[in-house]
Protein chains: 2
Amino acid sequence: MNTATFGALAEPHRLGMVELLREGPLSVGDIAERLAMGQPQASKHLRVLSDAGLVESQPAANKRMYKLRQEPLQEMDEWLSAFRASWEARLDRLDALLAELQGKERKE
Amino acid sequence: MNTATFGALAEPHRLGMVELLREGPLSVGDIAERLAMGQPQASKHLRVLSDAGLVESQPAANKRMYKLRQEPLQEMDEWLSAFRASWEARLDRLDALLAELQGKERKE
DNA sequence: CAGATATATATCCAATTGGATATATTATAG
DNA sequence: CTATAATATATCCAATTGGATATATATCTG
């Protein structure tokens, strides 16, 4: 797992950008406006997201459209799966325990 | 989603700690040794992880055992699910496309 | 071509951060 | 109680970071 992904998402404005771009591509100006920040700040944060591979941009006339890239998030998802395994195991044990208790209840 | 979780995982040593603790609880000394770092550094990083809720500790004799907490990772997992939906939709469309191509192939 | 619009970049600054070292704290052993 | 082992904390330092402002660059409009 790449720490750059976590680093990029560790800043509230950038996390907001990623969540915002989930709805679809946006221009820098739109992003800056919707997140209530200055344009240079938005560009700077988008640069960080872009370096981390979380977004990509393409020119559109006067503007520049940014959109999400899925790869880093998919990588995160795969990384998490190792942990998911362990907490699902716990839930399974809980299920087993509850089932056992149910069984006893019926017998008594 | 809490940026503190991402912030805590944005540092390679701390990411390593979390992955290490996946195998089970460890003392500070063990963690420091396995990650080849000094004890004060390990304590400092563990503090950050603890503040982010990613680990918890309990005293054991002379030592202090650290273990993973699942909640922040589960929260990450839920946060990711919103994105998972969109990329699974893409895969579905790809499947549909492939199926359609298969169908045409058979007809011709 | 001239002005306007959108974006990127450069610079300055204060705050945060990670590493290293020294020291304080707590518990165990003898 | 004293010495030791394990850990936490304090301090110093260099590097990084986010915000703000100014400026450069590129594209569109007329």
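Within every chain, numbering begins at 1; the chains are lettered A, B, ... in the order of the sequence lines, protein sequences first and strands thereafter. Because only heavy atoms are used, hydrogens play no part in the values below, and waters and symmetry mates are left out as well, while side chains stay in.
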Peer 1: Where the side chain of B:R14 is defined as all heavy atoms beyond and including C-beta, which of D:dT27, C:dT7, C:dG18 is the nearest nucleotide?
Peer 2: C:dG18
Peer 1: Could you state the NZ-P distance from A:K44 to D:dA22, rounded to the nearest angstrom?
Peer 2: 15 Å
Peer 1: Side chain of A:Q41: nearest nucleotide among C:dA6, D:dT21, D:dG18?
Peer 2: D:dT21
Peer 1: What's the CD-C1' distance between A:Q58 and D:dA26, to the nearest Å?
Peer 2: 17 Å
Peer 1: Looking only at heavy atoms, which two atoms of B:Q70 and A:S86 are closest? And how far apart?
Peer 2: NE2-OG, 4.0 Å
Peer 1: Would you kindly give the CG-to-C1' distance between B:L15 and C:dG18, to the nearest whole Å?
Peer 2: 16 Å
Peer 1: Between A:Y66 and C:dA8, is there a contact of a side-chain N or O with OP1 or OP2 at under 4.0 Å?
Peer 2: yes
Peer 1: Let me spell it out: for each of B:H13 and A:A42, pick the nucleotide of DNA chain C with the closest heavy atom. Which residue's pick is nearer the 5' end?
Peer 2: A:A42
Peer 1: Report the nucleotide, chosen from C:dT9, D:dG19, D:dA8, that has the shortest atom-to-atom distance to any side-chain atom of A:S43.
Peer 2: C:dT9
Peer 1: Report the nucleotide, chosen from D:dT7, C:dA8, D:dT11, that has the shortest atom-to-atom distance to any side-chain atom of B:V28.
Peer 2: D:dT7
Peer 1: Of the listed nucleotides (C:dG18, D:dA6, C:dT7), which one gets closest to any side-chain atom of A:S27?
Peer 2: C:dT7
Peer 1: Could you give the CZ-to-P distance, from A:R64 to D:dC28, as a whole number of Å?
Peer 2: 12 Å
Peer 1: Report the residue from A:V48, A:L46, A:L9 that forms a side chain to side chain contact (heavy atoms under 4.5 Å, CB included) with A:R14.
Peer 2: A:V48
Peer 1: Taking 4.0 angstrom as the limit, do A:R34 and A:D30 come out as a salt bridge?
Peer 2: no
Peer 1: Output the single nucleotide from D:dG19, D:dT27, C:dA27 whose closest atom is nearest the side chain of B:N62.
Peer 2: C:dA27
Peer 1: Classify the angle between the aromatic ring planes of A:H45 and A:H13 as parallel (below 30°), tilted (30 to 60°) or perpendicular (above 60°).
Peer 2: tilted
Peer 1: Can you tell me which nucleotide in D:dT21, D:dA8, C:dT7 comes closest to the side chain of A:P40?
Peer 2: D:dT21
Peer 1: Can you tell me the distance, in whole Å, between the CD atom of A:E11 and the P atom of C:dT16?
Peer 2: 13 Å
Peer 1: For A:R47 and D:dG18, what is the distance between atoms CZ and C1' respectively, to the nearest whole Å?
Peer 2: 16 Å
Peer 1: Examine distances only and state if a side-chain atom of A:R84 and a backbone atom of B:Q74 form a donor-acceptor pair shorter than 3.5 Å.
Peer 2: no
Peer 1: In whole angstrom, what separates B:L49's CG from C:dT17's C1'?
Peer 2: 14 Å
Peer 1: Could you give the CG-to-C1' distance, from A:D30 to C:dA6, as a whole number of Å?
Peer 2: 11 Å
Peer 1: Judged by each residue's nearest nucleotide on DNA chain D, which is more toward the 5′ side, A:G38 or B:L46?
Peer 2: B:L46
Peer 1: May I ask you to verify if any side-chain N or O of A:H45 is less than 4.0 angstrom from the OP1 or OP2 atom of D:dG19?
Peer 2: yes
Peer 1: If you go through the side-chain atoms of B:Q39, does one of them form a donor-acceptor pair with the base of D:dA8 closer than 3.5 Å?
Peer 2: yes
